[in-house]
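Worksheet for the structure shown next.
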Amino acid sequence: MKRDQGLQQVKQTRLIAIARGVKPEQMVDAAEALLQGGVTVLEVTLNTPDALLMIQDLQQQLGDKMYIGAGTVLDPDDAQAAMRAGASFLVTPNTDEDVIRYAAREGVPIFPGAMTPTEIVRAWKAGATAIKIFPSSGLGLPYIQELMGPLNQIPMIAVGGINENNVGEYLNAGCYAVGVGGSLIHLKEIDNGNYTWLTEKASRLTRQIQAAVNVVNGERSE
C-alpha cells in the first residue's frame, strides 16, 4: 500500500488507536469494542508481549473492517517481523531513516516519530507517509501550531496527551490526525471486562473529531 492509500485509511476517522499492554486474549474483544465506537485504525505496539501474534489474529478476524498496524518499530528487523505478521502500516517513536526507507521500498505506509523541524523534514524526504509529532503532550499545542507555518504541506499526526476534550484543538491547528493510547484503550477497564466503556469512549472521541473536521472543512471552503 502506497503513501496516499495509507493516508486515505487514516482519513476515515483521523484517529489511530494505540494498544499497548493489552493481553492477547483481550485484544480482539477490545478491537471489536473500538470498532463499534467508530475506530477503524488500530496500532499494536511491539513492546506489548505477543504483539506479533495479536497482529496476526486481528488481521484474520477483523482485517476486512480495520486497518491494523504495528507501533514502537525500532529497526528494520522489527519492521520486517511486523510485516510478516501482517501489519498494514508501521509507526516508530523516533526518526530512523533506515526504517523509513525500508518501509518505503516495501510499499508499506510508515508514520515515524519526530520532534524538531529538522527531524520532520528528514523523515518526510526519506519516504514517510505522515509524521508522528511525539510527544505532543510535552511539546504543547503552541509548538505544533508554529510547525504548521513552514511545514503545513507535511501531514502530521499528534500523539501524546490527546483526549476528547482537546482533540479539536489539535485538528483545528492543522494536524492530519491524532493517536490516542491509554486514555482510550484503558487497561483497567479491559481487565474488568468492561468493553462497553471502550465503545462509549471511542464514540465520544470520534464525535469530537468529526465535529472538528467539519469546522476545518467549513473554514477551508469559505
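Throughout, residue positions are numbered sequentially from 1 according to the sequence presented.
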Would you find a donor on one side and an acceptor on the other, under 3.5 Å apart, between the side chain of Asp96 and the backbone of Val99? yes
May I ask you to decide if Met115's main-chain N or O and Glu119's side chain share a donor-acceptor pair within less than 3.5 Å? yes
Nearest 0.5 Å, what's the CG-CG distance between Asp78 and Leu46? 5.5 Å
Do Val39 and Thr13 touch side chain to side chain, with heavy atoms closer than 4.5 Å? no
Smallest heavy-atom separation, Gly86 atom then Ile55 atom, equals C-CG2, 4.0 Å
Do the rings of Phe111 and Phe89 sit parallel, tilted or perpendicular, given the 30° and 60° boundaries? tilted
Least distance between heavy atoms, Tyr67 atom then Pro109 atom: OH-CG, 3.4 Å
Donor-acceptor check, side chain of Thr129 to backbone of Ile110, threshold 3.5 angstrom: yes or no? yes
Between Tyr176 and Val10, is there a donor-acceptor pair closer than 3.5 Å when you use the side chain of the first and the backbone of the second? no
Value for CG (Leu205) from CZ (Arg14), rounded to nearest 0.5 Å, stands at 14.0 Å
Using modelled atom types only, decide if a donor and an acceptor are shared between the side chain of Thr206 and the backbone of Gly37 within a distance under 3.5 Å. yes
Please check this pair: side chain of Thr95 against backbone of Gly113, looking for a donor-acceptor N/O pair closer than 3.5 Å. yes
Less than 4.5 Å apart, any side-chain heavy atom of Lys132 and any of Val91? yes
Minimum heavy-atom distance Leu90-Ala82, with the two atoms named: CD2-CB, 3.8 Å
Do side-chain atoms of Asn166 reach the backbone of Asn163 as a donor and acceptor pair under 3.5 angstrom? yes
Shortest non-hydrogen contact from Leu62 to Val28? CD1-O, 4.2 Å
So, Gln26 and Asp191: side-chain donor and acceptor under 3.5 Å apart, yes or no? yes
Ser136 side chain vs Gly160 backbone, donor-acceptor pair below 3.5 Å: no
